[in-house]
Number of protein chains: 2
Amino acid sequence: MALGKDYVTQECSIARALEIVGERWTLLVVRDAIYGVRRYNDFLVHLGIPRAVLSSRLRTLTEEGILEKRRYQETPPRDEYVVTERGAALWPVLRALGHWGREHIDGHRLRVFRHADCGGEVEPYGTCAACGTLVPVADVVMVPGPELDSAPADPVSRALLRPKRLLEPLETGPAHLAD
Amino acid sequence: MALGKDYVTQECSIARALEIVGERWTLLVVRDAIYGVRRYNDFLVHLGIPRAVLSSRLRTLTEEGILEKRRYQETPPRDEYVVTERGAALWPVLRALGHWGREHIDGHRLRVFRHADCGGEVEPYGTCAACGTLVPVADVVMVPGPELDSAPADPVSRALLRPKRLLEPLETGPAHLAD
DNA sequence: CCGGTCGGTTCAGTGATCGAACCTACGGTG
DNA sequence: CACCGTAGGTTCGATCACTGAACCGACCGG
């Protein structure tokens, strides 16, 4: 639970939402999942989150239907966490948060989101600046901005340096190739 | 700090934003401030938040320029916390969160947001269903939905039962009249 | 057999939150 | 003046969550 029994008394959809995604780290896990991160270790190195907390968040998000745990190979058994439709529906929240952080706190353009169909930039409210359509999350391409560190330490950040369509799985490649 | 030193390592506007508004209770305080709550005691009874935590959150939000502490009477000295432009800019985040909570978790239409100019409903992405304009937060009127409790216990919730334009101060009235 | 990877769990220490109690400054009443 | 009530806090012990490190089991390759 994000805020315990106290939130339950609140008659408010915002409080309901925060009960589920308001805990520390949770929205960053969802952000990474939408960026295409799917594997336990990739979340771990990219977020720098304690293992116990990551396990707890992945379990909660799976129980809430925001992620789906999926066996992608049998020997050795390996699971991946794939964002569901319910999870992808959090994209507008994350986009709004990122826009607020960029405009009011940070000031840097670390990443740019573009409409895959026409290349137009996705505006703060989710519409394409070029063609005006409301861009669904699956049609968003994330492009690294000019102020993003060009040589990050972890392989996940390196993989995210390439332009990438949201929701599609991230290819981090074998560890021995990343060095 | 919302998530401590760990977030600092993240090159991401979302992480930047969550450092500030990602702590427990913080977004609910901002929500109430946008709803027009301004006084310490009103936050207290409406949120059911521990006093020490409320004091801490109000201080942090003031330091970050999201709220502004303002002396509104001298004897006895009384301060109010008014949401700033930076704070009001979080409205799209809260609207998106509320929409997600309603669509994917709760299912109830507890409150409806309408465009003050034309009465059209504000859609998930912030545009007016009737006239199509992107509705600024100051032009949003909050109307209680049919499923909202019609006789809440605390005076702030009762004051919020009346249709109310966002950002305008909430009139809770004297305590002895609320009974 | 040995080392490495992946996906965890367990555990002690620390920090945050909670709820209650307390405090200050003032105003009103008798 | 004594006393009560309100507004806006602070302080404090108990509890809960997070942190970081260690550990573990299943598997693979050499």
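Between the CZ atom of R24(B) and the C1' atom of dC18(D) there is a distance of 13 Å, given to the nearest Å. In this structure, N41(A) places its CG atom 14 Å from P of dT9(C), rounding to the nearest Å. The CG-C1' distance, from L44(B) to dG19(C), rounds to 12 Å in whole Å. When rounded to the nearest whole Å, the span between CG of L54(B) and P of dT17(C) equals 12 Å. One atom, CZ of R38(B), and another, C1' of dA7(D), lie 17 Å apart when rounded to the nearest Å. One interatomic measurement links the two molecules: CD of E23(A) to P of dA17(D), which rounds to 8 Å at whole-angstrom precision. Taking atom CD of residue Q73(B) and atom P of nucleotide dA25(C), one finds them 16 Å apart after rounding to whole Å.
If you check the side chains of R95(B) and Y125(B), you find no donor sitting under 3.5 Å from an acceptor. In the model, D32(A) has a side-chain atom that pairs as donor or acceptor with a side-chain atom of H46(A) under 3.5 Å. For the residue pair Y72(A) and R38(A), no side-chain donor N or O sits within less than 3.5 Å of a side-chain acceptor on the partner.
At the phosphate of dC18(D), OP1 or OP2 sits under 4.0 Å from a side-chain N or O atom of R57(A). Proximity of W25(A) to the phosphate of dT19(D): a side-chain N or O atom is located under 4.0 Å from OP1 or OP2.
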Find every protein N or O atom lying less than 3.5 Å from an N or O atom of nucleotides 25-27 of chain D, and list the pairs.
none

Give me, pair by pair, the N or O atoms of the protein and of nucleotides 9-13 of chain D that are less than 3.5 Å apart, along with how far apart they are.
| from | atom 1 | to | atom 2 | distance (Å) |
| --- | --- | --- | --- | --- |
| dG9(D) | OP1 | K69(B) | NZ | 3.3 |
| dG9(D) | OP2 | Y81(B) | OH | 2.9 |
| dG9(D) | N7 | R51(B) | NE | 2.8 |
| dG9(D) | N7 | R51(B) | NH2 | 2.8 |
| dG9(D) | O6 | R51(B) | NE | 3.0 |

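Looking at heavy-atom distances under 4.0 Å, V53(B) makes contact with sugar-phosphate atoms alone, never a base.
When atom types are taken as modelled, the side chain of E85(B) and the backbone of A88(B) share no donor-acceptor pair closer than 3.5 angstrom.
Using a 4.0 Å cut-off between a side-chain N of Lys or Arg and a carboxylate O of Asp or Glu, R39(B) and D79(B) do not qualify as a salt bridge.
Proximity of E80(A) to R71(A): side-chain heavy atoms (C-beta onward) are nowhere separated by under 4.5 Å. In this structure, the side chains of M142(B) and L160(B) come closer than 4.5 Å at one or more pairs of heavy atoms.
For F43(A) and W25(A), the ring centers sit 6.0 Å or farther from each other.
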Would you tabulate the side-chain donor-acceptor contacts of residues 103-111 of chain B under 3.5 Å, counting partners in other chains and residues two or more places apart, or write 'none'?
| from | atom 1 | to | atom 2 | distance (Å) |
| --- | --- | --- | --- | --- |
| D106(B) | OD1 | H108(B) | N | 2.8 |
| H108(B) | ND1 | E147(B) | OE1 | 2.5 |
| R109(B) | NH2 | E121(B) | OE2 | 2.6 |

